[in-house]
Structure formats: C-alpha cells, structure tokens
Amino acid sequence: MASVEDLLLDQEELKKLLVSATRPAVQELLKKELRRVDREASSRAQQSKAADASPKAAAAGPPSTTKLSNYGWDQSEKFLKVYVSLEGVQKAPSENVSVEFKERSFSLLVRDFEGKTYSMSVIELLHPIDPAKSSWKVKTDSVLVMCRKTKEETWKFLTSLEKKTLDREKPKMEEDVDPSEGLMKILKQMYDDGDDDMKRTISKAWVESREKQTQGV
C-alpha cells in the first residue's frame with residue numbers, strides 16, 4: 001500500500017507526463033490516473049490526521065472521578081434521608097445523576113459534571129432498606145438520597161461501622177465493682193487515652209471534687 005508521500009510523488013510524475021504527452025488517448029489515460037491518485041492521496045491524508053488525533057483522545061481518557069465526603073443525614077418514620085453536598089449540581093443534566101440502591105448500601109454517581117465525575121458510596125447501613133421504594137432528588141447544591149426503611153424504627157447510626165466504632169471507644173463499667181471505683185477507672189482510662197485538653201479537664205474535675213470532699217460539701 002502506497003504511502004501519502006509516494007502518492008504525492010506519483011502526482012508530480014503524472015503531471016509531467018501529461019504535459020509532454022501529445023496523443024489524446026494517452027492524455028486521457030494520464031488524466032484518469034491522476035484523478036485516481038488525487039482521491040487516494042486525499043483519503044490517506046485524512047486517515048493520517050485521524051490516527052494522529054486518536055492517541056490524544058485516548059490519553060485524555062474519561063473524566064476524573066472525585067469522591068464526595070461532605071454529607072449529613074436525617075430521618076422520618078419511613079425514610080432515611082442523606083443530603084450529599086455538591087455545589088451547582090442542579091445544573092447537571094438529570095440523566096447524569098443516578099443512585100443505585102441495595103439492601104444495605106447505596107451509591108451516588110454524578111457523571112461528566114464540569115469535566116469531572118463525582119461519586120459517593122455508603123455501605124453497611126445500620127438496618128436494611130427497600131431498594132425498590134427508595135429514590136433521590138436533585139436540589140440546590142445537593143442531592144437528597146431517600147432510603148426507604150423496611151421497618152419504621154429510629155436509626156441511632158447511619159452505618160454499622162459507626163456503631164461498632166462508638167461501642168469500641170465507649171468506656172465500659174465493670175460488673176461487681178463499687179460504682180465510685182468503677183467511675184474512677186473510667187476517668188483514668190479517659191485520662192490515659194485523652195489529649196492534653198481532656199487531661200486538663202479531668203485533672204481540674206479531680207481537684208474540685210477533692211476540695212468539696214475536704215470542705216464536707
């Protein structure tokens with residue numbers, strides 16, 4: 001297959017031959033061949049441009065994905081409501097915003113918004129939800145995700161992970177221990193694990209408590 005450069009050289013040669021040809025039949029054959037070479041050279045040039053452009057498009061790739069982390073949540077008897085903040089999201093085409101619901105999770109996706117794709121996933125919800133009855137709404141600077149509860153109960157946490165984390169961090173009273181002794185152990189644990197502000201607060205509380213005991217208060 002001839003390259004674009006070869007075809008251009010053929011064009012120049014055919015033009016020279018056409019100038020020197022004297023027989024009408026030969027001139028017609030040269031003109032016909034010249035037109036064919038012109039078409040093929042033009043086609044090859046366009047293919048070459050397209051090939052040069054495709055690596056740039058491939059290098060650009062799809063829009064980058066940004067994880068959303070700014071959100072708050074509320075609830076009613078029937079719904080768990082998660083408000084996901086994204087400035088200007090109301091300007092995005094409605095078909096570019098979607099939420100996938102599962103029994104214990106949901107995933108929000110905002111595609112190709114201002115050159116980026118935004119996403120947020122919440123997994124291990126505290127209780128099951130009904131995906132078929134869940135929905136979402138695009139509001140000013142936020143997306144409202146409405147998860148339909150399977151039971152009309154109050155959720156104390158959004159996810160099981162939040163509950164486990166708080167339970168793990170919460171100091172526990174030991175059984176069969178004098179209440180005042182148990183309280184001192186809890187305060188000591190909080191003091192040992194706490195930052196400087198926490199330690200100053202607990203130290204102040206101890207001093208004030210002892211002063212009250214000394215004064216018989």
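Worth knowing before you read on, the calculation uses all heavy atoms, side chains too, and leaves out hydrogens, waters and symmetry mates.
F79 approaches K133 most closely through the heavy-atom pair CE2-O, 3.8 Å. Closest approach of S134 and C147 over heavy atoms only: OG-CA, 3.5 Å. The two atoms that bring K149 and S76 nearest to each other are NZ-O, 2.9 Å, heavy atoms only. The shortest non-hydrogen separation linking S119 to T65 is OG-CG2, 3.7 Å. Nearest heavy-atom pair, E103 versus P131, reported as atom, atom and distance to 0.1 Å: N-CG, 3.9 Å. Listed here is the closest heavy atom pair of T66 and K116: OG1-CD, 3.6 Å.
Tracing side-chain contacts under 4.5 Å through hydrophobic residues (I, L, V, M, F, W, Y), one never reaches L144 starting from V99; they form parts of separate clusters. No path of Ile, Leu, Val, Met, Phe, Trp and Tyr side chains, each step under 4.5 Å between heavy atoms, connects M146 with I129, placing them in separate hydrophobic clusters. In the hydrophobic clustering of this structure, L109 does not group with M120; members are Ile, Leu, Val, Met, Phe, Trp, Tyr whose side-chain heavy atoms approach within less than 4.5 Å, directly or through other members. Residues W73 and V143 are members of one and the same hydrophobic cluster, defined by side-chain heavy-atom contacts under 4.5 angstrom among Ile, Leu, Val, Met, Phe, Trp and Tyr. A single hydrophobic cluster is seen to contain both V145 and L86, as judged by linkage of ILVMFWY side chains at heavy-atom distances under 4.5 Å, directly or through other members.
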Kindly indicate, with the supporting measurements, whether the criterion side chain to side chain contact (heavy atoms under 4.5 Å, CB included) is fulfilled by V110 and T117. CA-CA 6 Å; V110 182; T117 293; over 6 Å; no

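Looking at heavy atoms from C-beta onward, K163 lies in side-chain contact with L126 at the 4.5 angstrom threshold. Contact annotation: the side chain of L158 approaches that of L125 to within less than 4.5 Å [non-hydrogen atoms, C-beta and beyond]. Contact of the V82 side chain with the D74 side chain is not registered, since no non-hydrogen atoms from C-beta on lie closer than 4.5 Å. Using a 4.5 Å cut-off on side-chain heavy atoms (C-beta onward), V89 and D141 make no contact. In this structure, K78 and R148 have side chains that are in contact, with non-hydrogen atoms separated by less than 4.5 Å. Taking the side chain as every heavy atom from C-beta outward, S160 and R104 approach each other to under 4.5 Å.
Other residues, nucleotides and ligands contribute over 12 non-hydrogen atoms within 6.0 Å of the CD atom of E153. Residue-environment remark: CD (E152) exceeds the threshold of 12 foreign heavy atoms within 6.0 Å.
Classification of the F106-F101 ring pair by plane angle, with boundaries at 30° and 60°, yields tilted.
Between the side chain of S142 and the main chain of Y83, no donor-acceptor pair closer than 3.5 Å is present.
From E124, atom CD reaches atom CZ of F157 across 14.5 Å, with rounding to the nearest 0.5 Å. Here the NZ-CZ distance, from K91 to F113, works out to 7.0 Å after rounding to the nearest 0.5 Å. Between the NE2 atom in H127 and the OG1 atom in T154 there is a gap of 9.0 Å [rounded to 0.5 Å]. We find the CD-NZ distance between E162 and K164 to be 12.0 Å, quoted to the nearest 0.5 Å.
With respect to R36 and E40, a salt bridge is recorded, a charged nitrogen being found less than 4.0 Å from a carboxylate O.
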